[in-house]
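Read through the structure below, which is laid out as structure tokens, and then see the notes.
Lettering follows sequence order; numbering is per chain, from 1.
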Amino acid sequence: MQAYIIRRLLALIPTLIFASLIVFITVRLIPGDIIDLMLSSNDIGADKKSRVQLEAALGLDKPMVSQYFRWLGAILFEGSLGKSLWQNTPVMEEILHRLPITFELGLMALFVALIVGIPIGVYSAVRQDTVGDYVTRSFAILALALPGFWVGTLVMVFPSIWWGWSPEVKYIAFTQDPLRNLAQMAIPALILGKAFSAVVMRLTRTMMLEVMRQDYIRTALAKGLATRTTIIRHALRNALIPVVTLVGLQAPVLVGGTVILEQIFVIPGMGLLLLEAVSQRDYPIITGVFLVVGVAVVLINLLVDLSYGLLDPKVRYR
Amino acid sequence: MSAPLLSVEGITVDLPTPRGPLRAVDGVDLTLAPGSTLGIVGESGCGKTMLSRAVLQLLPKRAKLGGRILFAGRDLVTLPAEELRRLRGPELAVVFQDPMTSLNPVLTIGTQIVETLQAHLGMDTAAATRRGVELLAAVGIPAPEQRLRQYPHQLSGGMRQRVAIAIALSCEPKLLIADEPTTALDVTVQAQILDLLAREQQRRHMALILITHDLGVVAGRTDEVAVMYAGRVVERAPTPRLFTRMRMPYTEALLAAIPKLDSPPHTPLPAIAGRPPDQTRPLKGCSFEPRCRYADERCRAAKPPLADPERLGGLFACWHPL
């Protein structure tokens, strides 16, 4: 198993190099580069001389290839992701500051998805083709169909018009006031987890229906086990194996969702950092965020693969 | 003969199909005395499995069941679910055909035995585990303590079927239904499993219903045999009697289809021509008529009843008995 984990971590390296290369190049291809932005935001006349000076100061005068290798070298030898082109603060520091916030939001959304999706999926499967099944399935479709950014905007706007209440927009850190922090994160987490929970519910239902047809479920019933034991111990454990896969596959989708919801609910996580960096063309931050997200997604999937071993005794890591 | 343990009266099972209801079991009557063995024989689709599932009340959800199933004086058809649950295990148990799929792949052998004991006998884990070891040893599994911690995929097919038997025997049932218990196994293992079932049946004085498509399997191991065809019992007789003097042409054809060791090499194996009838479109006459070499007008016109016109102790449903 250790050898397996090491091999998986080694496989991470080419993935990240390839991904970083793509990000590194594409952000520099966006029309309107950082020099234009800087020159227009300061009231300096955009003459040829100041442009050259600025490029040289930011290290953007070198060819893209050498810029890339300098960036890569800094990561490998100094463990540094460079500095923000605007604030001149270390990118690593900025990301480490924001990562826990996004992580919390993603984890809460995952929690919502599982805590809502799995029980309802089981219920829907056990009560197949009843009114309850149709109602839950319709809600799942609805939850999938309503885009998170739209629901998020509604939640920000309408309660304030009707009741003069709106979600807190001043971020409260977890370390500062855990309860208020959780309350503040709950709404975006619900919205972020909503579509995910619908997918989990649908998959759990399908898998439960599949598993309930298996011979070993008939055996469990023939042994005179209670229905509840049969469903939870015998059926659900088998049905959850693909749900775990789904969690791994949905992890990047969750990251994408946080970018939008952090913007709407003004949560200073990685998503907001990324959005700001993109609009300001702060290249080191953009590439840094993508690198960290890439590592996170790969690690989550490794974790998912390892957790198969807990659910499915047939899985062996070699 | 003592009062029957199981008495099946006029059981019908209808399964919905896109082509209309399919009568899988069509008016079957059976009785079984405590401690006795009944073989149910027939080809695939003759309704033998559906009959056994009806007895266990484990029919598919949409199946419609008619008739009465009296087990130790209670009608299983109308029994509330909770009472039925308490009956399964300590009174009624089953071994299914395919041990590859009838054990749960994600639970250890130990869990699957222990949970049965705990559900019915209220044993604590330690006592149930000890009993599990005894049971595995009783069904001929070497190193039972280690096997308890293993998962089904770590065992061979024969071993898994032994585990399934151990689970079925765990609460000392009064009736064990073995539904093609050896069909999915290697020929070399088949006899071992059948011997094991026979030994445990005698030791525990348990009634056994042995379902198979192989007349050879029931030959030496059952007290009585019921031959099924197209959802009906077409011949029923004490085993020795059935083999010495069978009356139903279908039984004869089934027996003829068993390869014989003493026949010369390259003797063609007689097969029963044609296919079983479409049970969504029942025939007016005898259902075996289209495949029967003795059939005539009478067979096409009316269904022969299952009866014993000669009062010789064997029932058969044929207008032209052999």
**OP:** Working to the nearest 0.5 Å, report the span between CE of A:M212 and NZ of B:K61.
**Re:** 7.0 Å
Subject >> For B:T182, all residues meeting side-chain hydrogen bond (donor to acceptor under 3.5 Å, both in side chains), sequence neighbours excluded >> reply: none
Subject >> side-chain contact (heavy atoms from CB on, under 4.5 Å) involving A:L249 - partner list, sequence neighbours excluded >> reply: A:T245
Subject >> Where A:R218 and B:L58 come nearest, the two heavy atoms and their spacing >> reply: O-CD1, 3.9 Å
Subject >> Other residues, nucleotides, ligands: >12 heavy atoms within 6.0 Å of B:R74 CZ >> reply: yes
Subject >> Residues from residues 116-145 of chain B approaching chain A under 4.5 Å (heavy atoms) >> reply: B:T116, B:A119, B:H120
Subject >> Listed partners of B:Q97 passing side-chain contact (heavy atoms from CB on, under 4.5 Å), at least two apart >> reply: B:E180, B:T183
Original post:
So what's closer than 4.5 Å to chain B heavy atoms on A:R233: side chain, backbone, both or neither?
Top reply: both
Original post:
For B:V94, is it the side chain, the backbone, both or neither that has a heavy atom under 4.5 Å from a heavy atom of chain A?
Top reply: side chain
Original post:
Is the CZ atom of B:R203 crowded by more than 12 outside heavy atoms at less than 6.0 Å?
Top reply: yes
Subject >> Proximal component of B:I167, with respect to chain A [non-hydrogen, under 4.5 Å] >> reply: side chain
Original post:
When you measure from the side chain of A:K314 to the backbone N and O of B:Y151, does any donor-acceptor pair fall under 3.5 Å?
Top reply: no
**OP:** Can you tell which part of B:I177 gets under 4.5 Å to a heavy atom of chain A, answering side chain, backbone, both or neither?
**Re:** neither
Subject >> Whether over 12 other heavy atoms sit under 6.0 Å from A:Q2 CD >> reply: no
Original post:
With only heavy atoms counted, which part of A:A220 is less than 4.5 Å from chain B, the side chain, the backbone, both or neither?
Top reply: neither
Original post:
A:I217 versus chain B, heavy atoms under 4.5 Å apart: side chain, backbone, both or neither?
Top reply: neither
**OP:** Count the heavy atoms belonging to other residues, nucleotides or ligands that lie under 6.0 Å from OH of A:Y216, then report whether that count exceeds 12.
**Re:** yes
Original post:
With a 4.5 Å limit on heavy-atom distance, are the side chains of B:N104 and A:T219 in contact?
Top reply: no
Subject >> Shortest non-hydrogen contact between B:R85 and A:L225, atoms and distance >> reply: CD-O, 3.5 Å
